[in-house]
K.L.:
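Sharing a structure, written as structure tokens. Questions coming.
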Amino acid sequence: MSHILVTGGAGFIGANFVLDWLRQEGADGIVNADKLTYAGNRKSLAAVEGDVRHIFSQTDICDAAAVTRLLESHRPRAVLHFAAESHVDRSIHGPVDFVQTNVVGTFTLLEAVLAYWRALDAPSRAAFRFLHVSTDEVFGSLCPADPPFSETSPYQPNSPYSASKAASDHMVRAYHHTYGLPVLTTNCSNNYGPFHFPEKLIPLMITSALAGKPLPVYGDGLNVRDWLYVGDHCAAIREVLARGRPGETYNVGGWNEKTNLEVVHALCDMLDALKPKASGSYRDQIVFVKDRPGHDRRYAIDASKLARELGWKPAETFETGLRKTVQWYLHNQDWVQDVLSGEYRHWVAKQYAA
Ligand code: NAD
Ligand code: DAU
């Protein structure tokens, strides 16, 4: 059986991708290399435990020898790089892990992959792909009337997280231009859906609402994000892997700009309908808290290149995607309770102390 190697496949998007990939007819096997940081969770992969097509390895991408061993023993036809430190607020408290994994880790992975790729026979070398999963945050912040980010928008990262992702994008690009490694980069907007760690806006609001806790909205709540259901992101990555042109970057987005307050109101209203409180609305739990330092005002993605060249467009609307997400959290309280344990409580205490 041929394999692909996925890094970070126990995280939110990585786990959704692994489950989604293995549901496709004739899918290659997956070697899933994940360090299992606080954000990695084997329970998200429960549906494929015991599936011979899924080989899990607890591996740090900064460990060159371990990555090389995985490449040599499983001979993947592609590497899909999801692994990263991904939370902006954590990058503000402690940027060092972001530089280590996102910059040094991506560099280490590229070095190992380059050596492996160079030693392949000519047909395998031509067919090989390195797909780098990145973010729209590398483009910085938009003013209200600006057009959405395109693939040619200048890089203007504003947080330690987005700066570290921008650095990784540049290294990936350089390995194509300098060494000819067949790379593809995707820059995606905000994802939401099942298995999302509740430090991020949407799962934080759902889990806090159900627990009767405050719903902390930063600043005036009018920052704008472009939301995409995670299953649509996974489908876009499959398309780019199959038919994207090496050396190209592809923006992925939902054509779905919302202020944070609109998102939180929509969630509260959905919960009011699906799991009403004894009295009042979940909206009553909203509190405005101190803003995130350097908070980017607006992100929006122009995903027309992906539509034009590869025929991809999102299948879910915000309404249908949010409903699936809320229902998933309501029906998967074991996963939620497991995640809301020690490390998570420390994070919430530190971040929302004031
Ligand atoms: P996540 O934080 O949920 O998961 C990250 C995963 O990477 C975890 O399983 C973690 O254990 C693993 N990991 C971290 N450091 C590692 C290391 N050194 N070696 C191996 N594994 C390591 O992140 P996510 O939200 O699933 O994001 C996945 C990727 O998609 C990231 O590269 C992120 O920048 C990008 N992205 C995320 C979003 C979003 O909205 N979540 C949007 C666009 C792009
Ligand atoms: O745009 C893509 C990016 O989206 C990804 O690259 C990141 O990995 C991912 O974490 C996400 O970054 P954001 O910072 O946009 O996501 P987050 O869920 O942390 O915040 C979304 C918005 O909600 C943002 O404007 C901050 C606000 N927010 C967030 C939290 C956690 C609040 O108002 N209150 C909160 O408690």
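Counting starts at 1 for both ligands and their atoms, following the listed order. These numbers come from a predicted model, not from an experiment.
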K.L.:
For atom 37 (C) of ligand 1, grab the closest protein heavy atom and report residue, atom and distance to one decimal in Å.
P.N.:
Ile13 CD1, 3.4 Å
K.L.:
State plainly whether one hydrophobic cluster holds both Ile202 and Val88, where clusters connect Ile, Leu, Val, Met, Phe, Trp and Tyr through side-chain heavy atoms under 4.5 angstrom apart.
P.N.:
no
K.L.:
Consider every N or O of Ser134 and every N or O of ligand 1, then say whether any pair is closer than 3.5 Å.
P.N.:
no
K.L.:
Side chain, backbone, both or neither: which applies to Thr59 and ligand 1 if a contact is any heavy-atom pair less than 4.0 Å apart?
P.N.:
backbone
K.L.:
Any idea which of Glu85, His295, Lys200, Arg292 brings a heavy atom closest to atom 14 (O) of ligand 2?
P.N.:
Arg292
K.L.:
Hey, does His196 come in under 3.5 Å of ligand 1, counting only N/O atoms on both sides?
P.N.:
no
K.L.:
Give the residue and atom name of whichever protein heavy atom lies nearest to atom 4 (O) of ligand 1, and the separation in Å to one decimal.
P.N.:
Gly11 CA, 3.4 Å
K.L.:
When only distance counts, is Ile61 in polar contact with ligand 1, meaning an N/O pair under 3.5 Å?
P.N.:
yes
K.L.:
For ligand 1, find out whether one of its N or O atoms is nearer than 3.5 Å to an N or O atom of Tyr161.
P.N.:
yes
K.L.:
Tell me whether Thr7 reaches ligand 1 (any heavy atom closer than 4.0 angstrom to a ligand atom).
P.N.:
no
K.L.:
Below 4.0 Å from any atom of ligand 1, is there a heavy atom belonging to Gly105?
P.N.:
no
K.L.:
Report, in ascending order of atom number, the atoms of ligand 1 lying under 4.0 Å from any heavy atom of Ser189.
P.N.:
42 (C), 43 (C)
K.L.:
Does Gln351 have a heavy atom less than 4.0 Å from any atom of ligand 2?
P.N.:
no
K.L.:
Any side-chain heavy-atom pair from Tyr229 and Pro194 closer than 4.5 angstrom?
P.N.:
yes
K.L.:
Answer yes or no: is there an ion pair linking Glu137 with Lys165, defined by an N-O contact shorter than 4.0 Å?
P.N.:
no
K.L.:
Do His81 and Thr7 have side-chain N/O donor and acceptor atoms under 3.5 Å apart?
P.N.:
yes
K.L.:
Can you list the ligand 1 atoms lying under 4.0 Å from a non-hydrogen atom of Asn190?
P.N.:
40 (O)
K.L.:
Flag this pair as yes if the NZ/CZ of Arg225 is under 6.0 angstrom from the six-membered ring centre of Tyr192 and inside a 45 degree cone about the axis; otherwise no.
P.N.:
no
K.L.:
When you measure from atom 29 (C) of ligand 2 to every protein heavy atom, which one gives the shortest distance, and what is it?
P.N.:
Tyr218 CE1, 3.5 Å
K.L.:
Between Asn190 and ligand 2, find which residue part has any heavy-atom pair under 4.0 Å and reply side chain, backbone, both or neither.
P.N.:
both
K.L.:
Tell me: protein heavy atom nearest atom 8 (C) of ligand 1, and distance?
P.N.:
Asp34 OD2, 3.5 Å
K.L.:
Where the closest heavy atom to atom 36 (O) of ligand 2 is concerned, which of Tyr299, Phe12, Tyr352 has it?
P.N.:
Tyr352
K.L.:
Which atom names give the shortest non-hydrogen contact between Asn187 and Ile301, and what distance separates them?
P.N.:
O-CD1, 3.9 Å
K.L.:
Looking at atom 5 (C) of ligand 1, what's its closest protein heavy atom, distance included?
P.N.:
Ala84 O, 3.4 Å
K.L.:
Would you call the rings of Tyr155 and His170 parallel, tilted or perpendicular, where under 30° means parallel and over 60° means perpendicular?
P.N.:
tilted
K.L.:
Going by the order shown, which atoms of ligand 1 are within less than 4.0 Å of some heavy atom of Leu36?
P.N.:
11 (O)
K.L.:
Mind checking whether Phe82 has an N or O less than 3.5 Å away from an N or O of ligand 1?
P.N.:
yes
K.L.:
Suppose we measure from atom 40 (O) of ligand 1 to each protein heavy atom; which comes out shortest, and what is that distance?
P.N.:
Asn191 N, 2.9 Å
K.L.:
Could you go through His93 and Trp347, starting from their C-alpha distance and side-chain angles, then the distance that decides it, and tell me whether this counts as ring-ring contact (aromatic ring centres under 6.0 Å, His included)?
P.N.:
CA-CA 10 Å; His93 284 283; Trp347 165 252; 5.4 Å; yes
K.L.:
Taking the inter-plane angle between the rings of Phe56 and His54 on a 0 to 90° scale, is it parallel (under 30°), tilted (30 to 60°) or perpendicular (over 60°)?
P.N.:
tilted
K.L.:
Under 4.0 Å, heavy-atom basis, I'd like to know which part of Phe98 is in contact with ligand 1: side chain, backbone, both or neither.
P.N.:
neither
K.L.:
What atoms of ligand 1 come within less than 4.0 Å of a heavy atom belonging to Lys35?
P.N.:
16 (C), 17 (C), 18 (N), 19 (N), 20 (C), 21 (N), 22 (C)
K.L.:
Between Glu85 and Arg90, is the closest basic N to carboxylate O distance under 4.0 Å?
P.N.:
no
K.L.:
Evaluate Ser86 for polar contact with ligand 1, using N/O atom pairs at a separation under 3.5 Å.
P.N.:
yes
K.L.:
For ligand 2, is there an atom lying under 4.0 Å from some heavy atom of Glu199?
P.N.:
yes
K.L.:
Would you call Arg298 and Asp146 a salt bridge, using N to O less than 4.0 angstrom?
P.N.:
no
K.L.:
So how far is it from Asn16 CG to Phe195 CZ, rounded to the nearest 0.5 Å?
P.N.:
6.5 Å
K.L.:
Could you check Ser86 against Lys200 for side chain to side chain donor-acceptor pair (under 3.5 Å), going step by step and ending with a plain yes or no?
P.N.:
CA-CA 10 Å; Ser86 70; Lys200 310 280 169 61; 2.9 Å; yes
K.L.:
To the nearest 0.5 angstrom, please state how far the NE2 atom of His87 sits from the OG atom of Ser159.
P.N.:
11.0 Å
K.L.:
Using only heavy-atom distances, determine whether the side chains of Glu239 and Tyr250 contain a donor-acceptor pair under 3.5 Å.
P.N.:
no
K.L.:
Would you mind running through ligand 1 and noting each atom that sits below 4.0 Å from a heavy atom of Val133?
P.N.:
30 (O), 32 (O)
K.L.:
Between Leu204 and ligand 2, find which residue part has any heavy-atom pair under 4.0 Å and reply side chain, backbone, both or neither.
P.N.:
side chain
K.L.:
Look only at interatomic distance and state if Tyr38 has a nitrogen or oxygen under 3.5 Å from any nitrogen or oxygen of ligand 1.
P.N.:
no
K.L.:
Among all protein non-hydrogen atoms, which one is nearest to atom 43 (C) of ligand 1, and what is the separation to 0.1 Å?
P.N.:
Cys188 O, 3.3 Å
K.L.:
Side chain or backbone, does Asp60 bring an N or O within less than 3.5 Å of an N or O on ligand 1?
P.N.:
yes
K.L.:
Applying a 4.0 Å heavy-atom criterion (strictly less than), which segment of Lys165 is in contact with ligand 1: side chain, backbone, both, or neither?
P.N.:
side chain
K.L.:
With a 4.0 Å heavy-atom cut-off (strictly under), which part of Asn102 contacts ligand 1: side chain, backbone, both or neither?
P.N.:
neither
K.L.:
Looking only at protein heavy atoms, identify the closest one to atom 15 (N) of ligand 1 and say how far it is in Å.
P.N.:
Thr101 CG2, 3.5 Å
K.L.:
Can you sort out which atoms of ligand 1 are near Thr37, meaning under 4.0 Å from one of its heavy atoms?
P.N.:
10 (C), 11 (O), 14 (C), 15 (N)
K.L.:
Considering only the protein, which heavy-atom contact is closest to atom 3 (O) of ligand 1, and what is its distance?
P.N.:
Phe12 N, 3.0 Å
K.L.:
In sequence, state the C-alpha distance, the side-chain angles, and the governing distance for Lys277 and Asp284, and then conclude on salt bridge (charged side-chain N to carboxylate O under 4.0 Å, His left out).
P.N.:
CA-CA 11 Å; Lys277 301 207 307 181; Asp284 304 338; 5.1 Å; no
K.L.:
With Leu131 as reference, evaluate Thr186, Val6, Val79 under the side chain to side chain contact (heavy atoms under 4.5 Å, CB included) test and give the passing residue.
P.N.:
Thr186
K.L.:
Are any of the N/O atoms on Thr135, whether in the backbone or the side chain, positioned under 3.5 angstrom from an N/O atom of ligand 1?
P.N.:
no
K.L.:
Looking at every heavy atom in both Ser153 and Ser150, which two are closest together, and how far apart are they?
P.N.:
OG-N, 2.9 Å
K.L.:
To the nearest 0.5 angstrom, please state how far the CZ atom of Arg75 sits from the CG atom of Leu70.
P.N.:
12.5 Å
K.L.:
Considering both backbone and side-chain atoms of Glu85, is one of its nitrogen or oxygen atoms within less than 3.5 Å of a nitrogen or oxygen in ligand 1?
P.N.:
no
K.L.:
Checking side-chain polar atoms at under 3.5 Å, does Ser168 have a donor or acceptor matched by the opposite partner on Asn102?
P.N.:
no
